[in-house]
Structures are given as C-alpha cells and as structure tokens.
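As the structure is a prediction and not an experimental result, all values here were calculated from the model. Protein chains get the first letters and strands the later ones, always in sequence-line order, with residue 1 at the start of each.
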Amino acid sequence: MGKRYAMVIDLRKCVGCHACQVACKSENNVPLGVFRNWVDELETGKFPTVSRQRLPRLCNHCKNPSCLNVCPVKATYQLEDGTVLIDYDRCIGCKYCIAACPYDARFINPVRKTAEKCTYCHERLEAGLQPACVNTCISGARVFGDLNDPTSEVFKLVATQPVNVSKPETNNRPQTYYIGADDKALRPNLLNIVGGEK
Amino acid sequence: MTTVHLFNTNHEIYWGLLIAVYFYYTGMSAGSFILTSLGTVFGIEKYKKVSKVGVLMAIVLLLFAPLHLLFDLEQPSRALNLFLHVNPSSAMSWGVYLLVLYPICLLIYAWYMFRQDFVNNMNGSGFKAGLYRFLLFGKTDMSAAAKENDKKKSKFFGTLGVPLALAVHGYTGFILGNVQARAIWHTPLMPIIFLMSAMVSGTGLFIIVLLLVEKFKFGKVSDDIKSLIPDIANLMKWFIVIDGALMIIYFIVLWYSSEAGYAAAYYLLHGDAWSFLGLENGLGMLLPLLILLSKKARQSIPAVVVASVLTIIGVLAMRINLVIGGQELPLTGSKMLEYVVSGHDLTIVIGLAVATTVVLSFLYAVLPMNRPGAQVKLTSQATKGVAQ
C-alpha cells in the first residue's frame with residue numbers, strides 16, 4: 001500500500017499561540033488577508049460557565065474532494081499520497097472549487113489570481129521535512145504522517161484516540177483528525193446565526 | 001448554547017452578480033427558444049409567425065451570457081483551458097460544450113428560416129441587400145426542392161435545439177445542485193426549477209420583445225399577433241403554476257432536511273424575506289399569476305406586459321437569491337457572509353445588458369422579419385419607403 005498522508009490535531013495540547021498560522025504564511029508566502037491555515041478561537045456557554053476552544057483549520061486533503069470533482073479544467077489534482085494540489089498555471093479562476101469546498105479551505109490568491117489552499121507544504125515533504133505548521137507547533141499538537149503505516153504516529157493516534165473530523169456527513173471524507181474537538185466548533189451554529197432555534 | 005468566535009478569518013462570497021446574471025441570460029435564451037420552437041418543431045401553426053423573433057433573441061442572449069463568466073474569471077486569458085482539459089465530473093465542464101453547440105445549432109436553424117427571405121430581398125444596392133447576399137453564402141436556389149430542404153433542415157435543427165436548450169439551462173442547475181456543501185443548492189430539483197423559471201422569464205421577455213419588434217418594425221401590433229398574445233399569456237400562466245409548485249416542493253423539503261437545510265429555509269423566510277417572499281415569489285410569481293388567471297387580463301396587452309415585466313424581475317431575484325443567498329450562510333465561523341456588489345461587476349452587467357439590447361435591436365432592424373400573415377404589411381411599408 002502506498003502512502004496516505006493525514007494530519008492529527010490534538011486540541012488537548014493546543015495552546016492557541018497561532019504559530020502555525022504565522023509559519024504557514026511565512027513558508028508559503030501567503031498574501032495579506034488570506035490564509036491557508038488558521039486558528040479559529042471560540043467561546044461557548046455563558047459567563048461564568050464558559051469554555052474556550054481553539055480549532056486550527058487547513059485543507060482536509062479529502063479522499064473524495066469536492067474541489068477536485070468540480071474543477072472544469074482539472075487544475076486541481078490529487079497525488080497518490082492523498083495530497084490535493086492545484087496547477088497554478090492551469091487554474092482559470094472560476095472559483096467553483098471555492099464555492100464547493102465545505103470547509104472554506106480555499107481562496108483566491110490576490111497576487112497570483114488563482115485558487116489556492118494548503119498543500120501540506122509539498123516542497124518540504126519532498127525534501128524530507130515536515131509541513132511548516134507541524135514543524136513549528138510548540139506543544140506537539142499537530143502530528144503529520146502516513147495513515148497507511150501502522151508504525152506512524154498519526155496511525156497510532158487515530159487508532160487509539162477518540163478522533164473526529166469536520167462535517168463527516170459530506171461525502172468528502174476529510175483527512176484532518178481532531179482529538180478533543182467539540183462539534184460546536186467544527187461547524188457553524190447556523191440556527192444561532194440565522195435564528196430559528198426552537 | 002451560544003458559540004462566539006473570537007478570532008476567525010474572513011471568507012468572501014466569490015460568486016456574485018455576474019454568475020447570477022449569467023444564469024438569468026441562459027435561462028431566458030432557452031425559454032424563448034423553446035416557446036418559439038412550438039411552431040417549427042411541434043407544428044403548432046400559429047407560433048410559426050413568431051419563430052424568427054424568438055430565435056434571434058435566443059441567439060443574442062446566449063452569445064452575451066458567457067461573457068459574464070469570462071469577466072468573472074480571475075484568469076480570463078486561460079479560458080481556452082476549458083476546451084483543452086475536460087473534467088467529466090464537473091458540471092461546468094459539460095456546460096462549456098453546450099454553450100458552443102447550442103448557439104451553433106440555433107444559428108443554422110435561423111439561417112434556414114431566413115434564407116428564402118434573404119433571397120427575396122437580396123436585389124438592390126443598399127446595406128441590407130448586401131448583407132443578405134453575404135449571409136446567403138451563394139445559396140440562392142429558390143426551386144421547390146430547395147424550399148422543401150429549408151423546411152426540413154430548419155425543422156431538424158430546431159428539433160435538435162430543443163434538447164440542447166434544455167441541457168444548456170439544465171446544466172446550470174447541476175452546477176449548483178451538485179454542490180453538497182451547501183444545503184440550499186443541493187437538491188435534485190435544482191435543474192428543473194431552473195428550467196421552469198427559465199420558461200417563465202423567457203416567455204415574459206419574449207412577449208415584450210415581440211411587441212416592441214411589431215411596433216417598431218411594422219408600425220403597429222397587428223391583429224394576428226394580438227390574437228396570439230392571450231395564447232402565450234395562457235402558457236406563461238401554466239409555466240408560473242409549475243414553477244411555483246416546484247418552489248413550494250423545494251422549500252418544504254428544505255425545511256424538513258438537515259440542520260443546514262432548515263437554517264437555509266428559515267433564512268429565506270426571515271433574513272432574506274423581502275427578496276425571497278416579496279420580490280421573488282410575491283411580486284415576481286404570485287402577482288403575475290393572479291393577473292394571468294383572469295381571462296380578460298390575458299386578452300389585454302397592457303395587463304400581459306405588466307405580468308411579463310413582473311416575472312422578469314422575479315426570476316432575476318430568484319437567481320440572485322439562490323446564487324448569492326446560497327453563499328451568505330457560512331460554512332465555518334459564526335457570522336453571515338456579506339455580499340456587496342463591486343462597481344466592476346455592476347458596470348459589466350449594465351454594459352453587457354446595453355450591448356445585448358443594441359445588437360438585438362440592430363438584428364431586428366436589418367433582418368427581414370416578415371412572417372406568414374404579415375407579408376402584405378411589409379410590402380406596403382417597403383413601397384412607402386421607396387416612394388419616399
């Protein structure tokens with residue numbers, strides 16, 4: 001079996017320092033105002049009974065990516081190891097992938113004028129390094145590796161820990177596994193936003 | 001339990017007015033073509049006299065529709081990639097071919113429909129005669145066999161045009177319907193809803209264009225057109241009934257679907273009420289339906305024109321509510337996304353609308369729009385022109 005890259009984010013260890021967000025920007029030269037990787041910070045409950053949560057977000061490199069299915073020019077493609085990449089020279093900027101991604105992972109790079117998103121720092125992987133966000137994480141909350149390798153850290157965590165993914169009801173089969181993520185954080189509380197809560 | 005996002009990145013609505021208006025144009029093109037193909041293709045004699053008006057409208061609307069998309073691309077110079085790299089799983093990729101085949105089919109259909117009139121009017125030295133001679137490409141044969149061939153070919157390409165028209169607008173329904181991330185779009189009804197609202201707005205615009213062509217080309221609305229308007233209005237009534245029924249079915253199922261679906265339905269009723277209930281369904285659907293239910297109103301041209309204008313506005317609101325409204329509900333984070341139309345987009349929409357009107361008016365002005373039943377009128381007009 002070939003490689004299947006995945007990321008595990010252990011929220012019990014995340015301190016909310018946003019270093020991953022900064023490292024990603026710096027590594028990938030991401031322009032101002034847009035993010036490949038960002039940390040959502042939320043507060044649930046009502047003072048004084050509240051909890052603070054952090055949710056680092058990035059492209060889920062889904063097994064069945066919506067963005068790949070809808071791209072009219074096949075600019076989005078998937079490697080054998082599961083990494084979903086974009087051919088920046090082919091992308092026409094129709095933005096269908098952005099509309100179709102359930103995770104808001106994509107955006108238009110205002111400088112390059114094409115769709116863009118996390119690549120798992122593909123060039124770093126090729127050089128035998130870890131993605132910049134994993135490399136910089138001060139608490140080891142981010143773990144990256146091959147989910148098909150039973151000796152890898154991601155395999156052990158996914159096998160032994162209670163993990164969940166964002167919006168499992170979609171047929172995207174996302175490959176970012178969270179440990180200790182509240183479902184309230186993984187999806188927008190739409191009834192709260194539009195009203196309609198009974 | 002409330003959740004407050006203290007920090008989150010901003011996400012934009014990337015598909016804006018240009019995309020909604022594109023759907024609107026292809027819809028009206030397909031609608032007006034299918035309506036006017038009733039004569040040539042389905043042999044309903046009385047619609048034959050309006051086929052020419054309808055086909056020109058369908059062609060011009062469809063030639064301008066994709067320009068909205070081109071202006072919306074971040075990399076318009078790479079549009080050719082759409083033809084070089086095909087992705088069968090992308091509805092947008094299907095559309096690329098439909099958007100080429102459909103106007104070509106319509107152009108051939110129109111050519112066979114206009115050919116004999118070109119031949120009849122090609123002798124002369126004016127601009128029109130020269131244009132007709134050019135457009136004939138040397139095919140000036142007026143034998144009985146050639147005429148029969150015209151009839152056969154126009155019927156063939158017209159018949160081919162009907163499924164293409166259905167596909168060219170149906171595919172846009174798939175563009176939204178295939179997106180499972182957004183509950184408001186993700187319904188199998190989407191292509192049919194798009195088609196029916198296309199029939200409504202296509203018929204509405206067609207009635208107005210037909211009356212304008214009659215008025216400016218022939219001086220007045222002749223009796224045979226006057227007697228046809230109630231028939232078209234009656235058809236439009238039924239299109240609205242079906243479209244309305246589909247909207248109701250869509251809405252009920254959305255209300256009882258997932259949390260995201262229910263939230264979307266709730267948003268349509270509350271947050272987006274003035275546009276969804278007021279503009280799209282009240283002013284744009286219920287009111288014209290009430291007007292057209294009365295037989296007396298269907299026979300009155302002003303009443304039919306009012307109903308037509310209302311449907312045109314209503315369907316535009318429907319396209320905007322679906323395309324832009326569908327993206328206002330967030331996929332992550334805790335606040336609604338806001339859409340503000342950019343000056344760039346608005347300029348292009350207005351510019352293309354003006355260009356469409358100019359090109360369409362030019363074609364109606366220079367092409368021979370005579371029709372069965374109006375021949376006499378045209379010749380008298382022509383002799384008057386010569387006398388002057």
Side-chain angles (χ1 to χ4, degrees), chain A residues 16 18 21 33-35 38-46 52-53 55 57 66 68-75 89-96 98-104 107-109 112-115 166-167 169-172 182 184-196, chain B residues 1-15 19 69 72-82 84-87 89-96 175-176 178-182 185 258-260 262-267 269-271 326-327 329-336:
Chain A
H18 293 247
Q21 190 172 330
V34 286
F35 297 87
W38 70 99
V39 184
D40 200 352
E41 292 227 16
L42 333 83
E43 193 173 271
T44 45
K46 201 172 174 188
R52 275 289 277 276
Q53 297 166 51
L55 192 75
R57 284 189 173 273
S66 305
L68 187 142
N69 288 334
V70 301
C71 178
V73 296
K74 285 192 172 171
D89 294 326
R90 189 187 283 192
C91 173
I92 59 172
C94 71
K95 302 174 280 259
Y96 196 5
I98 302 175
C101 173
Y103 306 107
D104 276 341
F107 55 89
I108 289 289
N109 182 317
R112 196 195 281 129
K113 300 277 179 199
T114 66
S166 185
K167 300 185 184 175
E169 73 277 8
T170 68
N171 190 25
N172 281 54
D182 189 338
K184 286 196 287 293
L186 286 170
R187 63 179 74 244
N189 189 346
L190 285 169
L191 296 185
N192 220 337
I193 298 165
V194 302
Chain B
M1 183 78 64
T2 52
T3 314
V4 184
H5 286 248
L6 304 165
F7 174 87
N8 200 4
T9 56
N10 276 322
H11 298 284
E12 278 178 55
I13 290 181
Y14 280 105
W15 274 2
I19 304 292
L69 297 183
D72 191 63
L73 291 185
E74 300 293 324
Q75 297 277 0
S77 61
R78 294 182 188 168
L80 204 62
N81 282 0
L82 288 162
L84 300 176
H85 310 285
V86 183
N87 184 1
S89 69
S90 169
M92 200 182 272
S93 205
W94 314 340
V96 173
I175 285 192
L176 300 187
N178 286 356
V179 175
Q180 48 141 352
R182 297 177 192 272
W185 291 352
S258 63
E259 183 182 321
Y262 169 73
Y266 191 91
Y267 175 63
L269 277 195
H270 297 82
Q327 296 170 86
L329 294 157
L331 297 173
T332 60
S334 67
K335 52 178 193 285
M336 299 292 291

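- Side-chain atoms of B:Q180 and A:N172 include a donor-acceptor pair closer than 3.5 Å.
- Between chain A and the options B:I13, B:L176, B:D72, heavy-atom pairs under 4.5 Å are most frequent for B:D72.
- Of the inter-residue distances, the one linking B:L84 atom CG with A:R90 atom CZ reads 8.5 Å to the nearest 0.5 angstrom.
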Check your understanding: Taking it one step at a time, do A:L191 and B:Y262 satisfy side-chain contact (heavy atoms from CB on, under 4.5 Å)?
Key -> CA-CA 8 Å; A:L191 296 185; B:Y262 169 73; 3.4 Å; yes
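- Side-chain atoms of A:E169 and B:S258, non-hydrogen and from C-beta on, never get closer than 4.5 Å to each other.
- B:E74 contributes no side-chain N or O that, together with a main-chain N or O of A:A115, makes up a donor-acceptor pair within less than 3.5 Å.
- In terms of non-hydrogen atom pairs under 4.5 Å with chain B, the most contact-rich of A:P188, A:P102, A:C101 is A:P188.
- Using a 4.5 Å heavy-atom threshold, the side chains of A:V70 and B:N178 count as separate.
- A heavy-atom distance below 4.5 Å is not found between the side chains of B:V96 and A:P72.
- For the pair A:Y96 and B:A91, the tightest heavy-atom approach, listed with the atom from each and the gap, is OH-CB, 4.3 Å.
- Ranked by heavy-atom pairs under 4.5 Å with chain B, the first of A:L186, A:I98, A:T170, A:I108 is A:I108.
- Contacts of A:S66 with chain B are made by side-chain atoms alone, with heavy-atom separations under 4.5 Å and no backbone atom involved.
- Contact annotation for B:L80: neither backbone nor side-chain heavy atoms come within less than 4.5 Å of a heavy atom of chain A.
- Interface remark: of the candidates B:I175, B:V86, B:L269, B:N10, B:I175 forms the most heavy-atom pairs closer than 4.5 Å to chain A.
- In terms of modelled atom types and a separation under 3.5 Å, the side chain of B:Y267 and the main chain of A:I193 share no donor-acceptor contact.
- A 4.5 Å side-chain heavy-atom check between A:K95 and B:W15 finds at least one atom pair inside the cut-off.
- To the nearest 0.5 angstrom, B:M336 atom CE is 8.5 Å from A:L190 atom CG.
- Counting heavy-atom pairs closer than 4.5 Å to chain A, the top-ranked of the candidates B:L331, B:L69, B:V179 is B:L331.
- Of the atoms belonging to B:H11, it is side-chain heavy atoms, and not backbone ones, that fall under 4.5 Å from chain A.
- Using modelled atom types, one side-chain atom of B:N87 and one backbone atom of A:L68 make a donor-acceptor pair closer than 3.5 Å.
- Only the side chain of A:R52 comes within less than 4.5 Å of a heavy atom of chain B; its backbone N, CA, C and O stay farther away.
- Only the side chain of A:F35 comes within contact range of chain B, with at least one heavy atom under 4.5 Å from a heavy atom of that chain.
- When heavy atoms are compared at a cutoff of 4.5 Å, A:N171 approaches chain B by way of both its backbone and its side chain.
- The closest side-chain heavy-atom distance from A:C71 to B:S90 is not below 4.5 Å.
- Most heavy-atom pairs under 4.5 Å with chain A: of the set B:H270, B:Q327, B:R182, B:K335, this distinction falls to B:R182.
- A donor-acceptor contact shorter than 3.5 Å is absent between the side chain of A:K167 and the backbone of B:A181.
- Between the side chain of B:R78 and the backbone N or O of A:G93, no donor-acceptor pair lies under 3.5 Å.
- Between B:L73 and A:I92, the closest heavy-atom pair is CB-O, 3.6 Å.
- Taking 4.5 Å as the limit, some side-chain heavy atom of A:T114 sits within range of a side-chain heavy atom of B:Q75.
- For B:W185, the part lying near chain A is the side chain, with the backbone staying farther off; criterion is any non-hydrogen pair under 4.5 Å.
- We find the NZ-OG distance between A:K74 and B:S89 to be 7.5 Å, quoted to the nearest 0.5 Å.
- Atoms OG1 and CH2, on B:T332 and A:W38 in that order, are 5.5 Å from each other to the nearest 0.5 Å.
- Heavy atoms of A:Q21 lying under 4.5 Å from chain B belong exclusively to its side chain.
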